[in-house]
Amino acid sequence: VMSMCSRIQCVSPGLATERMFPCLAHRPWQVLCRRVYLQQRATLSQRPSKIATPCFSKSITQLRAVLKKREYGIKYTQNNFITAVRAMNEFCLKPSDLEQLRKIRRRSPHDDTEAFTVFLRSDVEAKALDVWGSQEALARERNLRKDVEREYQENIFRNQKLLKEYKDFWGNTKPRSRKRATFLQGPGKVVMVAICINGLNFFFKLLAWVYTGSASMFSEAIHSLADTCNQALLVIGISQSVRNPDAVHPYGFSNMRYIASLISGVGIFMMGAGLSWYHGIMGLLHPQPIESLLWAYCILAGSLVSEGATLLVAINEIKKSAREQGLSFYEYVMQSRDPSTNVVLLEDAAAVLGVVLAAGCMGLTSLTGNPYYDSLGSLGVGTLLGTVSAFLIYTNTEALLGRSIQAEHVQKLTEFLENDPAVRAIHDVKATDMGLSKVRFKAEVDFDGRVVTRSYLEKQDIEQILNDIQQVKTPEELENFMLKHGENIIDTLGAEVDRLEKELKQRNPEVRHVDLEIL
């Protein structure tokens, strides 16, 4: 019975399986159990590989990033350089305090010097603490000096007066002689001749208007007065434009000529055109008889001669300047290359046309006895002045907004840089006319690192570098080797930038400021 029961127990699982899974009835239990075991083992063997692989790759990444990842803190910036001027100003030191510090010769950013001396910022900070004793004492000294500087700014007018007395005591300085020479030649000479002639014309025209009561003569008198006042503004603009650059205006004052010409154009419109239109309209609304015009004709004839002479002086000056810059007369005037001479040219041209117009309208009035012709002449002179003022305002505004130089000239500067072996490409080129034939050039330069590196290696001992390479055994030694030569290569790149800027200025004297940005 027991054997029968055991047999039933052993067979019953197979029979149950056969009834539930008929497809497995012909396969032995050993094969089925082994397959299930292998599947479970394969599943378990795959799980650790998915977990271990990221850990292994992460360790490799960390190993590779040892020389790339570095934390730069405040201590690292203490190796920065500082000039003697900044050391004395920011840390309240004296020149004698800097004599005992370590001196480092670096490439100078200025054109007139090749190298200059700098100090380590950490040495300067330590010396400042040694001199003043503590950070609190240094801060008190800084605040005290700021108070002294503030007091100096408050008394700036008194200091300027003292400076003027100092200059008068030592005689004429270089800027003064430069200003005086400015008015003896070129645009300054043209403006001075024009201001003298227009002043005399205004005086005589004013007498003629008082004697005759002519509206056209009144417009001509106002025209000469406006020209005189505007040319006085040009004199101020020319004298200010030759001033040397200072800390507040690092690029100089050359735009003062455009500013004075712009104000002159506004003055012509308000004083000249406005009063002429007003007087002409009042003459049309309330006409009055005109006295003898003989003296008016004589004064207009003299004014025509004088204004014509000034006009010829301005034309000759513009022709000369246009020839020097390779431009035509029309291009030079339209581009407002010399705003002061342009103002004199247009004002005198308008004056000559105004005299002819006024004389013609006065002649019609004397022949017909109708005063309306004289009033129309006043309106015509006002319209002429309005046209001149609109042109001056437009051209000088364009110049003040920062006008680019000619495309041919820009192409010439770009080709010079691109033909240099150290330059691969030039991008974002900007060449701006700063006035007085001064150009500011800016470009982003893609340098060839191989040429720069060769330029550095040509100045080195190759055998010594090879020996240094053979001695490199550890990552730290490799890092020190690369840092040493990497800094020197960067200095060589800066020297290449200075060389290109210097050669660009020498080949193109009109280029005064060059900004080459490393791409």
Side-chain angles (χ1 to χ4, degrees), residues 191-234 264 267-314 343-389:
V191 173
M192 292 303 297
V193 171
I195 196 172
C196 294
I197 292 177
N198 286 320
L200 293 175
N201 289 338
F202 165 70
F203 178 73
F204 288 112
K205 289 178 181 179
L206 183 64
L207 292 179
W209 170 70
V210 172
Y211 180 73
T212 61
S214 171
S216 297
M217 185 55 64
F218 175 80
S219 298
E220 279 300 307
I222 294 300
H223 185 181
S224 297
L225 177 62
D227 291 348
T228 305
C229 295
N230 293 327
Q231 286 153 8
L233 287 174
L234 296 180
S264 177
I268 291 174
F269 182 80
M270 296 179 62
M271 183 182 295
L275 290 177
S276 297
W277 285 333
Y278 171 78
H279 205 75
I281 293 173
M282 294 302 295
L284 292 175
L285 296 177
H286 307 286
Q288 296 179 359
I290 300 176
E291 302 294 335
S292 175
L293 299 178
L294 178 60
W295 286 104
Y297 290 137
C298 295
I299 292 174
L300 286 178
S303 177
L304 180 63
V305 174
S306 60
E307 297 285 1
T310 309
L311 180 61
L312 290 177
V313 173
V343 171
V344 176
L345 172 71
L346 296 176
E347 286 183 347
D348 289 339
V352 172
L353 294 177
V355 167
V356 174
L357 181 61
C361 291
M362 290 170 60
L364 291 175
T365 299
S366 62
L367 291 176
T368 62
N370 188 354
Y372 287 108
Y373 291 108
D374 186 62
S375 299
L376 292 176
S378 179
L379 293 176
V381 173
T383 303
L384 185 62
L385 292 176
T387 304
V388 171
S389 65

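Worth knowing before you read on, the calculation uses all heavy atoms, side chains too, and leaves out hydrogens, waters and symmetry mates. Numbers here simply count residues along the sequence, with the first being 1.
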Q: Return the set of residues passing side-chain hydrogen bond (donor to acceptor under 3.5 Å, both in side chains) with Trp209 (not counting sequence neighbours), or none when no residue passes.
A: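 In terms of side-chain hydrogen bond (donor to acceptor under 3.5 Å, both in side chains), with neighbours along the sequence ignored, Trp209 is linked to no residue.
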
Q | Polar side-chain atom of Thr310 near backbone of Ser306 as donor-acceptor pair, under 3.5 Å | A |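 Yes, because the side chain of Thr310 sits within donor-acceptor range (under 3.5 Å) of the backbone of Ser306.
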
(Q) Strictly distance-based, threshold 3.5 Å: is any side-chain N or O of Ser366 a donor or acceptor partner for the main-chain N or O of Gly363? (A)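 Yes, Ser366 side chain to Gly363 backbone: donor-acceptor pair under 3.5 Å.
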
Is [Y] close to [X] at the side-chain level, that is, under 4.5 Å between some pair of heavy atoms?
X: Leu379; Y: Leu376; value: yes
X: Leu234; Y: Met192; value: no
X: Val352; Y: Leu304; value: yes
X: Val388; Y: Phe269; value: no
X: Val381; Y: Leu357; value: yes
X: Cys229; Y: Leu225; value: yes

If you compare all heavy atoms of [X] against all heavy atoms of [Y], which two are closest, and at what distance to 0.1 Å?
X: Ala194; Y: Val344; answer: CB-CG1, 3.8 Å
X: Gly280; Y: Ser375; answer: O-CB, 3.5 Å
X: Lys205; Y: Ser224; answer: NZ-OG, 3.0 Å
X: Ser276; Y: Gly382; answer: CB-CA, 3.6 Å

Q) Quick one: CZ on Phe218 to CG on Asp374, what's the gap to the nearest 0.5 Å? A)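 Phe218 atom CZ to Asp374 atom CG measures 12.0 Å (nearest 0.5 Å).
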
Q | Spatial distance of atom CG (Asn201) from atom OG1 (Thr228) [nearest 0.5 Å] | A |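 The OG1 atom of Thr228 is 8.0 Å from CG of Asn201, to the nearest 0.5 Å.
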
Q: Determine, stepwise, if the pair Thr365 / Asn370 fulfils side chain to side chain contact (heavy atoms under 4.5 Å, CB included).
A: CA-CA 5 Å; Thr365 299; Asn370 188 354; 5.9 Å; no

Q) Around Phe204, counting heavy atoms of other residues, nucleotides and ligands shown, do more than 12 lie under 6.0 Å from its CZ? A)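 At most 12 heavy atoms, drawn from other residues, nucleotides or ligands, come within 6.0 Å of this atom.
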
(Q) Which residue in the set Ile197, Val193, Asn198 passes side chain to side chain contact (heavy atoms under 4.5 Å, CB included) when paired with Gln231? (A)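 That would be Asn198; it is the only one of Ile197, Val193, Asn198 passing the side chain to side chain contact (heavy atoms under 4.5 Å, CB included) with Gln231.
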
Q) Yes or no on side chain to side chain contact (heavy atoms under 4.5 Å, CB included) for Tyr373 and Leu367, after CA distance, side-chain angles and deciding distance? A) CA-CA 10 Å; Tyr373 291 108; Leu367 291 176; over 6 Å; no

